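Convention: sequence-line order gives letters A, B, ...; per-chain numbering from 1. What you see is a predicted model; the values in this text were computed from it and never measured.
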Amino acid sequence: MKNKAVLFIIGFIIWILLGWPPDVQHVIAGIPAAAVVAFLTGDMFARRPFRFGNIIRYLWFCYYVPLFLWECLKANIDVALRVLNPRLPIKPGIVKVKTTLKSDTGLTFLANSITLTPGTFCIDIKPEKGILYIHWIDVRSKDINTATQLIAAKFERVLKRIFD
Amino acid sequence: MSEIIGYIFIVIGLAFDILGCIGLIRLPDVYNRLQATTKCVTMGTCSILFGVFVIKGFSSTGIKAILCLVFLILTAPVAAHALARGAHASGVKLWSKSVCDMYEQDKGEGKR
């Protein structure tokens with residue numbers, strides 16, 4: 001029940017933002033729409049809704065966003081330089097990375113962050129073993145521990161505090 | 001003033017989009033092409049949308065642009081992930097000069 005309520009609030013906020021500026025008719029129409037969506041898909045949305053009440057997690061999330069944007073910008077400049085270089089300096093390969101995150105949301109965010117950061121992107125996850133398969137455009141190390149340090153460590157530290 | 005800043009964001013975004021497309025043509029195989037397109041095109045399009053937000057402010061258009069930006073950041077990597085996994089599952093080989101393919105090795109171990 002609680003995760004349906006959380007999804008109802010989020011859905012209602014998005015409804016209002018889509019129909020900005022809000023007027024009475026629009027808001028009234030939004031209540032049943034958000035309620036239907038929350039009733040149908042609430043159970044899929046969050047398994048542990050009590051975590052939404054924890055303020056410290058939001059603060060860590062605020063720290064995570066600029067970190068992520070900075071890495072994203074570096075990624076773009078990196079790829080742009082590789083593409084524009086006439087010799088095309090790439091050395092691609094698929095490596096394995098370990099992770100200690102357990103929750104689905106945490107793993108999703110980790111995979112998305114890895115995809116949007118320099119030269120790496122996530123191909124598959126094995127949650128039961130805690131292994132991610134990463135395609136790396138410039139393989140610097142085939143060893144699983146070194147690769148984990150280079151690719152995932154800086155996000156994992158923060159994401160662990162947000163989602164686990 | 002906010003218009004000038006917005007246009008700067010839009011121009012940067014267009015530049016990144018073009019670089020992503022050049023990468024799509026120049027890089028050798030599916031996986032490397034996905035690298036270029038996900039990163040540059042996500043960033044470029046987000047930059048264009050942010051530019052629209054800066055020009056329009058908290059109006060109807062500006063807020064929709066911000067919503068699109070958030071959804072794009074959340075979904076673009078997932079799409080790339082699905083494409084790459086599908087390509088690997090259907091047997092698309094890595095580029096001949098690739099260094100290693102641990103995914104293929106582990107799949108082989110699973111079958112035995």
Side-chain angles (χ1 to χ4, degrees), chain A residues 13-14 16-22 65 68-69 71-86 88 90-97 108-109 111-126 129 131-142 144 147, chain B residues 12 15-16 18-32 34-44 46-47 58-64 66-67 70-71 73-81 83-85 87-89 94-95 97-107:
Chain A
I13 290 171
I14 290 174
I16 290 176
L17 289 180
L18 275 175
W20 199 266
V65 169
F68 168 73
L69 287 177
E71 289 294 327
C72 193
L73 190 69
K74 275 203 299 194
N76 279 284
I77 293 166
D78 178 75
V79 172
L81 288 179
R82 279 178 206 284
V83 165
L84 289 179
N85 192 324
L88 212 61
I90 57 172
K91 201 171 107 186
I94 296 176
V95 296
K96 284 196 281 191
V97 164
T108 311
F109 266 83
N112 280 7
S113 316
I114 286 172
T115 301
L116 290 174
T117 49
T120 52
F121 98 101
C122 185
I123 289 187
D124 202 356
I125 303 177
K126 288 243 166 21
K129 286 189 210 154
I131 290 176
L132 294 122
Y133 295 94
I134 309 286
H135 183 273
W136 204 351
I137 205 168
D138 179 27
V139 177
R140 269 177 274 164
S141 160
K142 291 183 205 172
I144 182 164
Chain B
I12 292 171
F16 273 124
I18 289 171
L19 288 173
C21 296
I22 295 173
L24 179 67
I25 295 167
R26 284 202 66 196
L27 290 171
D29 70 354
V30 182
Y31 309 100
N32 289 309
L34 275 172
Q35 293 261 12
T37 46
T38 31
K39 289 186 220 318
C40 286
V41 174
T42 308
M43 177 76 175
C46 285
S47 183
F58 286 93
S59 66
S60 146
T61 323
I63 284 182
K64 283 191 186 81
I66 284 290
L67 274 179
V70 172
F71 282 121
I73 285 186
L74 287 177
T75 52
V78 180
H81 170 88
L83 279 171
R85 190 156 174 256
H88 207 288
L94 269 77
W95 187 38
K97 285 183 196 160
S98 297
V99 183
C100 55
D101 187 354
M102 305 222 173
Y103 191 36
E104 190 66 46
Q105 286 169 19
D106 280 18
K107 263 205 288 197

Does any backbone or side-chain atom of [X] lie under 4.5 Å from a heavy atom of chain A? Answer side chain, backbone, both or neither.
| X | answer |
| --- | --- |
| B/Ser60 | both |
| B/Ser59 | backbone |
| B/Leu67 | side chain |

Between chain B and each of A/Thr108, A/Thr115, A/Ile134, count heavy-atom pairs under 4.5 Å; write down the option with the most.
A/Thr115
Ignoring hydrogens, what is the shortest heavy-atom contact between A/Phe121 and B/Tyr31? Give both atom names and the distance.
CE2-O, 3.5 Å
Heavy-atom closest contact (A/Val83 atom, B/Leu19 atom, distance):
CG1-O, 4.0 Å
Counterpart residues, side chain to side chain contact (heavy atoms under 4.5 Å, CB included), relative to A/Leu73 (two or more places apart)
A/Trp70, A/Ile77, B/Met43
If the condition is side chain to side chain contact (heavy atoms under 4.5 Å, CB included), which residues does B/Ser47 pass it with, not counting sequence neighbours?
B/Phe9, B/Ile12
If you define the side chain from C-beta out and look only at heavy atoms, does anything of A/His135 sit under 4.5 Å from B/Asn32?
yes
Check whether B/Arg26 reaches the backbone of A/Asn85 with its side chain - one donor and one acceptor, N or O, closer than 3.5 Å.
yes
Report which part of A/Pro86 has an atom under 4.5 Å of a heavy atom belonging to chain B: side chain, backbone, both, or neither.
backbone
Less than 4.5 Å to any heavy atom of chain B: does that hold for the side chain of A/Thr120, its backbone, both, or neither?
backbone
Atom pair NE2 (B/His81) and CD1 (A/Ile123), whose distance is rounded to the nearest 0.5 Å
9.0 Å
Report the C-alpha distance between A/Asp124 and B/His88 in whole Å, list the side-chain angles of each, state the deciding distance to 0.1 Å, and finish with yes or no for side-chain contact (heavy atoms from CB on, under 4.5 Å).
CA-CA 10 Å; A/Asp124 202 356; B/His88 207 288; over 6 Å; no
